[in-house]
Amino acid sequence: MQERHTQLHMTRWMLEFDQTDVEAGFVAYDDQHGLDAAPFALVIGVLFTAVYLGIDTLVLHHGLLAAALIRVATVLVFVVAYVVLHRVRRAREHLQVASVLLLTLVLVSLGPALAAGADFPTEYLRTSATVTVLGAIGLLRMRMHAVMVVLSVYAVVSLSLPGALDGVDAFGSTVAPTAGLTAIAAVIAYSLERLRRTDFVRQREVEHERARSEEILHNVLPASIAERLRTESGAIAESAPSVSVLFSDIVGFTPVSESLSPEELVQLLDTMFREFDELCDRRGIEKIKTVGDAYMAVAGLPQPDPDHAASLAELALDMQRTLSRLSPAWPSPISMRIGIASGPVVAGVIGRRKFTYDLWGDTVNTASRMESHGLPRRIQVDEATHALLESRYAFSEPQRVDVKGKGPMTTYFLLGRV
């Protein structure tokens, strides 16, 4: 399981995350939301252009036709931008660049183009450009690099308007207001991007914790059972007509446990059971639980396996080989008894606290007896398992075993593949 992620940091001014993969994730996240918001932003741009066209009729006394043509051209720019974002993949992949180009065209049309086409008051043009810039920064989710370019264009357009720098009070009437509005727009853009980045970090933390919770849940329960547990109330139970169940137990575990510290003992068991878990995962076998030094697994649940007996036979043989490889690390000799039985079971989850996926039925009891009545380094199976495997695996001669709670039973020792 992945450890809790380290604290994320942003650079002071341009707000980039110091981890490149996180920054790339935020850029993709932010651009996607920008694409989602782009149609609405473009519609707003068209509506505002139409509103300004209505205001033009009140402000202008001549040159109205030229102004109307420029306003219509601006609307066409918004329409073309809408089509390009939906049809051109590279435009979607470079949304910030596309936004800068769009705003540059719009600001030029709102400033120099309108001023050249009609006798507009300078403050009227500057106001419309300011509203456009502020709206675009908020609606298009522009980031600081793009914002700085757009604000530079805005400042140039504002200062190049007719009469903007004329007169003795040009600084107070044009330069200072332009600088002030540019600074306000930069602060707004900075604050909005910081909020979006903070939201991204929090969402990332929530997703990280959800992934950790799901990973823990899936380590406790099969994936299909975990999903049902989230959507269903009450006990979860299902019957399976034919599965194979395995029990294993370490012989010589008591002397080992007495000679080791608790930490060393747990470490040895953890190493062994981790390898058993990997063997189960490799063969599609469901580990049920461990109790002390005992290990329980089932083949054929919760996912059906028509060859469940063979899957479990291979697991048992692999477990023996794994124990032989690991046993030299133990302080005293150990071996393993393994029992396998095949037949119907009932499986499910009961209770709502400290629940586990478990099995019930005579097949489970028989598999447990196959292990407890078996011999060290041997795999004892019942008649049902033998019948499923006898054509492909070698077995010992049948033997009669007086099984506790069941009476005499015919059992076999699995020797390996034929």
Would you say the side-chain atoms of Thr74 and Thr49 include a donor-acceptor pair closer than 3.5 Å?
-> no

Q) Would Tyr295 and Glu371 count as having a side-chain donor-acceptor pair, cut-off 3.5 Å? A) no

(request) Kindly assign one of parallel, tilted or perpendicular to the pair Tyr124 and Tyr52, based on the angle between their ring planes and the thresholds 30° and 60°. (result) perpendicular

All ring-ring contact (aromatic ring centres under 6.0 Å, His included) counterparts of [X], not counting sequence neighbours:
X      : result
Phe247 : none
His386 : Phe395, Tyr412
Tyr29  : His33, Phe200
Tyr82  : His86

Applying salt bridge (Lys or Arg N to Asp or Glu O under 4.0 Å) as the test, list every pair that has at least one member in [range]; sequence neighbours left out.
range            : value
residues 68-86   : Asp56-Arg71
residues 398-411 : Asp362-Lys406
residues 298-309 : Asp307-Arg392
residues 244-267 : Asp249-Arg337

Hey, mind stepping through Leu301 and Leu359 against side chain to side chain contact (heavy atoms under 4.5 Å, CB included) and telling me if it holds? CA-CA 10 Å; Leu301 274 176; Leu359 307 178; 4.0 Å; yes

Closest contact, heavy atoms only, [X] versus [Y]:
X      : Y      : result
Ala316 : Ile379 : CB-CD1, 3.6 Å
His308 : Ser242 : NE2-OG, 2.9 Å
Arg377 : Ser335 : CG-CB, 3.7 Å
Leu151 : Thr182 : CD1-O, 3.6 Å
Ala309 : Ser244 : CA-OG, 3.3 Å
Met148 : Ser152 : O-OG, 2.8 Å

Looking at [atom1] of [X] and [atom2] of [Y], how far apart are the two atoms once the value is rounded to the nearest 0.5 Å?
X      : Y      : atom1 : atom2 : answer
Leu110 : Ser128 : CG    : OG    : 4.5 Å
Tyr190 : Leu192 : OH    : CG    : 12.5 Å
Leu260 : Leu268 : CG    : CG    : 6.0 Å
Met142 : Asp30  : CE    : CG    : 11.5 Å
Leu102 : Leu107 : CG    : CG    : 9.0 Å
Trp330 : Phe253 : CH2   : CZ    : 6.0 Å

Less than 4.0 Å between a side-chain N and a carboxylate O, is that true for [Y] and [X]?
X      : Y      : result
Arg321 : Asp318 : yes
Glu207 : Arg210 : no
Lys287 : Asp281 : no
Arg197 : Glu16  : no
Glu193 : Arg141 : no
Asp31  : Arg143 : yes
Glu278 : Arg274 : no

Worksheet item: Please walk me through it: do Glu314 and Arg417 pass side chain to side chain contact (heavy atoms under 4.5 Å, CB included)?
Response: CA-CA 9 Å; Glu314 292 297 330; Arg417 277 188 174 272; 2.7 Å; yes

Exercise for review: Assess whether side chain to side chain donor-acceptor pair (under 3.5 Å) is satisfied between Tyr154 and Thr178, documenting all intermediate values.
Suggested key: CA-CA 9 Å; Tyr154 165 77; Thr178 298; 5.4 Å; no

Has the side chain of [X] got a donor or acceptor atom that lies under 3.5 Å from a matching backbone atom of [Y]?
X      : Y      : value
Thr198 : Arg194 : yes
Ser158 : Ala155 : no
Thr363 : Val345 : no
Ser368 : Val364 : no
Thr385 : Val381 : no

For [X], side chain to side chain contact (heavy atoms under 4.5 Å, CB included) partners two or more places apart:
X      : result
Ser391 : none
Leu323 : Met272, Ile334, Met336
Arg89  : Arg92, Glu93
Val401 : His373, Gln380, Gln399, Val403, Thr411

Query raised in the report: Is the CZ atom of Phe273 crowded by more than 12 outside heavy atoms at less than 6.0 Å?
Result: yes

Quiz item: Should Arg202 and Glu205 be marked as a salt bridge (Lys or Arg N to Asp or Glu O under 4.0 Å) after you check the CA-CA gap, both sets of side-chain angles, and the distance that decides it?
Solution: CA-CA 5 Å; Arg202 290 175 179 171; Glu205 290 174 348; over 6 Å; no

(request) Could you go through the side chain to side chain contact (heavy atoms under 4.5 Å, CB included) check for Asp358 and Val349 one step at a time? (result) CA-CA 6 Å; Asp358 211 344; Val349 179; over 6 Å; no

Worked check of side chain to side chain contact (heavy atoms under 4.5 Å, CB included) between Ile340 and Asp382:
CA-CA 7 Å; Ile340 300 175; Asp382 67 348; 5.9 Å; no

